[in-house]
Amino acid sequence: MNTALTVLGGLLAAWSTLNLLYYHKREFFESRRIRLLYGGVLVYRAGRVRGASRAWRRASVLLVALYAVSVAWFFLVVYSGIDAKLNGTGALRVLVPGVDITGLDLAYFVLALGAAVVLHELFHGKTAVSHNVGVKSFGLAVAVLVPLAFTEIEESDFNRSSRFVKTSVLAAGVAANLALGLLGLALFNIAASPSGVLVTGVVPGSLASRAGIEPYSILLSVNGVSLRGVEDLRSLLSNATATVLNITLLTPRGAVETVSIARNATERKLGVYVTTPPASWLISVVGVYPAVQLLRAFYWLYLVNLNLAILNAAPLFITDGGRIVFEVLGGRFKKAALLVNAVSLLALAFSLTPLP
């Protein structure tokens with residue numbers, strides 16, 4: 001709680017200082033196309049988006065295809081959530097920054113979100129100009145800690161365009177996030193180890209704590225059985241007959257050690273928080289701690305962008321996918337477009353809402 005209050009106090013102090021500077025040096029900021037709105041949103045308007053190459057225009061088919069993949073993924077996720085709920089195995093869960101996402105993970109989340117929104121809007125703008133649709137400006141913004149970006153498209157040019165051009169422009173942002181998410185997933189798989197278990201935290205006074213196991217140690221085996229992941233560790237620890245645990249591990253300093261832990265019937269848990277470890281080649285290059293941080297950064301790059309792509313591709317009124325439905329179906333089938341968006345929204349809400 002003290003850490004949270006310190007961060008909150010630091011944010012308030014920073015934004016208060018920024019407001020004072022902006023109040024006294026308004027002309028300085030605005031001459032550089034920087035504005036402070038409502039005291040909490042800092043906006044930088046970068047200007048018009050430069051023309052894109054013919055290759056970018058030809059890539060429109062690929063952008064639309066990636067968008068289609070994202071839409072299909074959305075409906076698959078919603079179907080899986082509804083099926084799991086009806087079968088009593090749980091429902092979809094939403095991660096809340098500051099509650100479920102804290103510490104360094106929150107920093108990586110914000111950085112990944114920043115990369116996502118900038119690339120999303122840049123792809124909108126580049127695709128628009130490649131089809132001769134004017135873009136008035138591209139800009140960046142920060143609302144407290146949340147990174148934002150925007151693209152102002154000439155609506156008159158957009159409205160005169162064909163359905164394919166409109167779909168390409170709207171689909172471009174979704175495609176950018178899907179591509180970046182898949183890149184993050186690929187980097188994570190390259191940087192992750194297929195074996196072992198990384199200790200991210202140790203419970204004070206626990207078996208692991210008394211045995212001297214440190215955070216950022218990598219557990220390699222238990223009683224001679226190699227660990228291929230977290231589930232292997234859980235399975236071995238659940239063995240009630242094993243009263244002594246001989247754990248081989250790689251310490252944060254790069255040394256391989258074996259510790260013996262005696263446990264009794266009342267103290268069965270090891271007392272560690274664990275996750276997937278970085279690959280040995282990455283550890284040898286940068287060390288244990290930096291390798292762990294790279295792995296976490298790749299994970300959030302993947303998770304944030306993939307989820308944004310899936311959600312923004314969905315026909316949900318306010319998303320790019322929702323607008324694409326209206327543009328494709330046109331004015332004659334407006335009621336059908338409304339129905340598609342409404343059904344998608346209801347399905348998503350049902351998959352997220354816990355059953356009583």
Side-chain angles (χ1 to χ4, degrees), residues 11 14-15 18 29 32-38 40-53 55-57 59-60 62-64 66-67 69-70 95 97 101 104-131 133-154 158 168-188 293-294 296-314 318-321 323-324:
L11 280 174
W15 279 100
L18 182 60
F29 283 98
R32 288 160 177 77
R33 294 179 289 191
I34 299 172
R35 295 189 65 191
L36 184 63
L37 305 177
Y38 315 114
V41 181
L42 188 67
V43 179
Y44 169 67
R45 193 179 298 273
R48 300 181 67 87
V49 176
R50 295 180 181 178
S53 64
W56 197 289
R57 183 172 183 172
S60 293
L62 176 60
L63 298 178
V64 173
L66 290 174
Y67 159 75
V69 170
S70 301
L95 297 177
I101 308 171
L104 273 177
D105 283 324
L106 182 58
Y108 292 131
F109 171 83
V110 171
L111 290 173
L113 182 61
V117 297
V118 170
L119 197 67
H120 181 102
E121 294 299 330
L122 185 61
F123 266 58
H124 278 316
K126 284 291 188 180
T127 305
V129 296
S130 74
H131 288 283
V133 176
V135 175
K136 291 184 285 187
S137 67
F138 171 82
L140 308 174
V142 178
V144 186
L145 265 181
V146 180
L148 304 169
F150 59 89
T151 300
E152 293 182 297
I153 292 176
E154 292 283 1
F158 183 83
S168 299
V169 173
L170 293 170
V174 173
N177 290 140
L178 180 62
L180 192 56
L182 293 177
L183 174 63
L185 179 60
L187 291 173
F188 179 85
Q293 302 314 315
L294 278 174
R296 290 166 78 177
F298 294 152
Y299 171 78
W300 284 110
L301 184 68
Y302 143 70
L303 190 67
V304 169
N305 279 275
L306 188 64
N307 279 280
L308 281 179
I310 293 171
L311 188 61
N312 205 27
I318 61 173
T319 61
D320 287 330
R323 190 171 176 185
I324 286 174

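The structure displayed is predicted, hence computed values, not measured ones. Counting from 1, the numbers follow the sequence of the chain as shown.
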Problem set entry | Interatomic spacing from CG in Leu182 to CG in Leu187 - rounded to 0.5 Å |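 Output value for this atom pair is 11.0 Å.
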
For this session: Would you give the length of the straight line joining atom CG of Leu140 to atom CD1 of Ile34, rounded to the nearest 0.5 angstrom?
Result: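 Nearest 0.5 Å value for the CG-CD1 distance: 10.5 Å.
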
Problem set entry | Stepwise side chain to side chain contact (heavy atoms under 4.5 Å, CB included) test for Arg32 and Tyr44 | CA-CA 8 Å; Arg32 288 160 177 77; Tyr44 169 67; 5.9 Å; no

Considering only heavy atoms from C-beta outward, does the side chain of [X] approach that of [Y] to under 4.5 Å?
| X | Y | value |
| --- | --- | --- |
| Leu185 | Leu306 | no |
| His120 | Leu308 | no |
| Ser168 | Leu63 | no |
| Leu170 | Asp320 | yes |
| Ser137 | Phe150 | yes |
| Tyr108 | Gln293 | yes |
| Trp15 | Leu36 | yes |

Exercise. Can you check whether Val174's main-chain N or O pairs, donor with acceptor, with Asn312's side chain at less than 3.5 Å?
Worked result: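 No; judged by distance alone, with no hydrogens or angles, the pair does not exist.
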
For this session: Spell out, as yes or no, whether a donor-acceptor pair under 3.5 Å connects the side chain of Arg35 to the backbone of Val43.
Result: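 Here the side-chain-to-backbone pair does not exist.
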
Exercise. Just wondering, more than 12 heavy atoms not from Ile318 lying within 6.0 Å of its CD1?
Worked result: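 Not more than 12 within 6.0 Å, no.
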
Between [X] and [Y], which heavy-atom pair has the shortest distance, and what is it?
| X | Y | answer |
| --- | --- | --- |
| His124 | Ala172 | N-CB, 4.1 Å |
| Gly184 | Tyr302 | C-CB, 3.6 Å |
| Phe158 | Ile153 | CB-CG2, 4.1 Å |
| Val117 | Pro147 | CG2-O, 3.8 Å |
| Leu148 | Ala143 | CD1-CB, 4.0 Å |
| Tyr67 | Ala171 | CB-CB, 3.5 Å |

Problem set entry | Those residues that, when tested against Leu66, pass side chain to side chain contact (heavy atoms under 4.5 Å, CB included) (two or more places apart) |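 Partners of Leu66 by the side chain to side chain contact (heavy atoms under 4.5 Å, CB included) criterion, ordered by chain and then number, come out as Leu62, Ala175, Leu178.
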
Problem set entry | Aromatic plane relationship, Phe109 with Trp300 - under 30° parallel, 30 to 60° tilted, over 60° perpendicular |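 Ring orientation of Trp300 relative to Phe109: perpendicular.
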
